[in-house]
Amino acid sequence: MTATRTSGSEHVQPTGAVAGYRPERTLRLSVELRRQFKRRRTLGVFALMIALPLVLIAALQLGASEEAAENSRINLVDVATSSGLNFTLFVLFATTGFFLVVVYALFFGDTVAVEAQWGSLRYALATPVPRMRLLRQKWLAALVQSVAALVTLAAVAVVAGGIAFGFDDIQTPVGVTLGQGEGMLRLAGMLGYLAVHLLVVGALAFWFSTITDAPLAAVGGAVFTMFVFAILDQVEQLGSIRDWFPTAEEFAWTDLLQTPVDSDDLFRGVIQSLVYIAIFTALGFRHFARRDVTS
C-alpha cells in the first residue's frame, strides 16, 4: 500500500501538477500565430491591405479623388501622385481614421470572444493552459497580426506607388523636399507612431472581448467608442478636454514631414496612447481572471 502511494506521488509535483508539466511550454506563440494566420478573416484582411493601394492608384489616375478630405495640418492629396513615398503618405492619411481602426479592433476583438462563441475556450484552458498565459499569447498574436497588416499596407503602397508614380523624393504641400533615404526613415517613424496609437483601439477591443461572447460586439463596441470620441473631438466647446481623448493625436505623425520636426504632439500622443493601452489591457486581464468560463 505504501509502495503504491510512493509510486503515485512521483508523478505529481508539489504544486499538484503532473510531473513534467511546464506552463511555459503550453500554447506557444508560434502555434497561436500559425493558427490565426490560417483563418479566413486574417487572409481577407491582408488581401484588402494589398488591394487598397491598387484601388487608390486607379482612383487617382482616373481623377476619381479630386475632392478629397483635408487634414487640418497638411493636405497630402495635392501631392499624392508626386512619388511612391508621397502616395504612401496619402494611403496612411486615408486609412488612419477608419480602415486601420477597424483592422486593429477586428484582430484584438476576436481574441477571446470568438473562442467563447465557438465553445472552445474552456477546452483550451483545460489543456491545461494557464489562464493568464492564454490571454497573453492571444494579445501578442493580435499585436503581431495588426502590425503586420499595417506594414503590409505601407510596403505595397511604396512599391505599387513607386511603379505608378516613380521613386522620387517626398514633396510636401508646404514646399519641403525630403530625400528618399530620409523619407524612408521618417516613414518608419510614422508607422511606429501609428502602430502605438492604433493599439489603443486594439486594447479597448481586447477588453471588450473578455467581457462578451460575441466577437461582433467586441469589435463594434471598440470602433463605435472611437468614433464617438472622434465626433466629440470636433466640438470646440469642450475646450482642452478634447486633448485627453484617445483620438486627440491620431494625425500627429504628419509632424514628421516638417523640417525641423515638431515632436511635442508626437511625444504627447505616444505617452497618452501607452497610458490608455495599459489601462484597457489591465482591465481585460482583470476581468478574465475573475470570469467563470463556461463556453
Side-chain angles (χ1 to χ4, degrees), residues 27 32-52 55 94-125 129 131-132 134-150 152-153 194-195 197-233 245-247 250 273 276-277 279-295:
L27 193 62
E32 180 65 17
L33 284 173
R34 283 197 300 269
R35 179 169 172 266
Q36 294 299 329
F37 274 102
K38 289 179 180 179
R39 293 183 57 189
R40 291 182 179 178
R41 71 102 158 93
T42 306
L43 297 175
V45 168
F46 278 86
L48 286 175
M49 289 296 179
I50 295 173
L52 183 59
V55 172
T95 57
T96 295
F98 175 75
F99 188 71
L100 291 175
V101 169
V102 174
V103 169
Y104 266 69
L106 177 62
F107 284 134
F108 279 88
D110 221 22
T111 49
V112 178
V114 72
E115 297 282 358
Q117 186 183 63
W118 290 343
S120 59
L121 184 58
R122 59 180 176 179
Y123 296 108
L125 292 174
V129 180
R131 185 173 290 209
M132 294 299 98
L134 179 141
L135 203 58
R136 186 192 70 185
Q137 299 297 73
K138 289 189 171 295
W139 193 95
L140 291 175
L143 175 63
V144 171
Q145 292 177 91
S146 300
V147 174
L150 175 62
T152 298
L153 177 69
L194 283 173
H197 178 75
L198 290 167
L199 193 52
V200 174
V201 66
L204 180 61
F206 170 79
W207 175 29
F208 290 164
S209 185
T210 64
I211 298 175
T212 179
D213 291 349
L216 185 59
V219 176
V223 173
F224 178 78
T225 301
M226 297 302 287
F227 282 174
V228 169
F229 278 114
I231 294 172
L232 291 176
D233 193 34
F245 290 169
T247 56
E250 64 179 342
S273 296
Y276 276 114
I277 292 165
I279 292 174
F280 294 148
T281 301
L283 288 172
F285 273 87
R286 179 177 181 274
H287 185 273
F288 193 68
R290 302 181 177 186
R291 178 177 175 178
D292 183 16
V293 178
T294 59
S295 56

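Only heavy atoms go into these numbers, but all of them, side chains included; no hydrogens, no water, no symmetry mates.
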Contacts of type side chain to side chain contact (heavy atoms under 4.5 Å, CB included), residue [X], not counting sequence neighbours:
{"X": "A222", "result": "A105, V201, L204, A205, F208"}
{"X": "R41", "result": "Q36, R39, L106, F107, D110, Q145"}
{"X": "A217", "result": "T212, A214"}
{"X": "V228", "result": "F224, L232"}

- Task: Would you please test W139 and F108 for ring pair (Phe, Tyr, Trp, His ring centres under 6.0 Å) and show each step?
- Result: CA-CA 7 Å; W139 193 95; F108 279 88; 5.8 Å; yes
Could you state the interatomic distance from [atom1] ([X]) to [atom2] ([Y]), rounded to the nearest 0.5 Å?
{"X": "R286", "Y": "W207", "atom1": "CZ", "atom2": "CH2", "result": "10.0 Å"}
{"X": "L153", "Y": "L52", "atom1": "CG", "atom2": "CG", "result": "6.0 Å"}
{"X": "L48", "Y": "T95", "atom1": "CG", "atom2": "OG1", "result": "12.0 Å"}
{"X": "R136", "Y": "T281", "atom1": "CZ", "atom2": "OG1", "result": "13.5 Å"}
{"X": "T247", "Y": "D233", "atom1": "OG1", "atom2": "CG", "result": "4.5 Å"}
{"X": "E250", "Y": "H197", "atom1": "CD", "atom2": "NE2", "result": "5.0 Å"}

Using ring pair (Phe, Tyr, Trp, His ring centres under 6.0 Å) as the criterion, list what pairs up with [X], not counting sequence neighbours.
{"X": "Y104", "answer": "none"}
{"X": "F99", "answer": "none"}
{"X": "F37", "answer": "F46"}

Might you point out which heavy atoms bring [X] and [Y] nearest each other, and give the distance in Å?
{"X": "L150", "Y": "A195", "result": "CD2-N, 3.8 Å"}
{"X": "S209", "Y": "G109", "result": "OG-O, 3.1 Å"}
{"X": "I50", "Y": "T152", "result": "CG1-CG2, 4.1 Å"}
{"X": "L33", "Y": "A141", "result": "CD2-CA, 3.7 Å"}
{"X": "L135", "Y": "G284", "result": "CD2-O, 4.0 Å"}

- Just jot down the side chain to side chain donor-acceptor pair (under 3.5 Å) partners of S146, sequence neighbours excluded, or say none. none
- Query: Are the side chain of T42 and the backbone N or O of K38 linked by a donor-acceptor pair below 3.5 Å?
  - Reply: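 Checked: no pair found.
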- With side chain to side chain contact (heavy atoms under 4.5 Å, CB included) as the test, would you mind laying out the steps for V102 and M226 before giving the verdict? CA-CA 10 Å; V102 174; M226 297 302 287; over 6 Å; no
- Message: Is the shortest side-chain heavy-atom distance between L140 and Q137 below 4.5 Å?
- Response: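 Yes - at least one pair of side-chain heavy atoms lies under 4.5 Å apart.
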- Should the ring pair F285 and F206 be called parallel, tilted or perpendicular, given that the plane angle runs from 0 to 90° and is split at 30 and 60?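 Tilted.
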- Please list all pairs passing the salt bridge (charged side-chain N to carboxylate O under 4.0 Å, His left out) test where one or both residues lie in residues 203-212, with sequence neighbours left out.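 Of all non-adjacent pairs touching residues 203-212, none passes salt bridge (charged side-chain N to carboxylate O under 4.0 Å, His left out).
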- Qualifying salt bridge (charged side-chain N to carboxylate O under 4.0 Å, His left out) pairs, either residue in residues 214-227, two or more places apart: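 Qualifying pairs, neighbours excluded: none.
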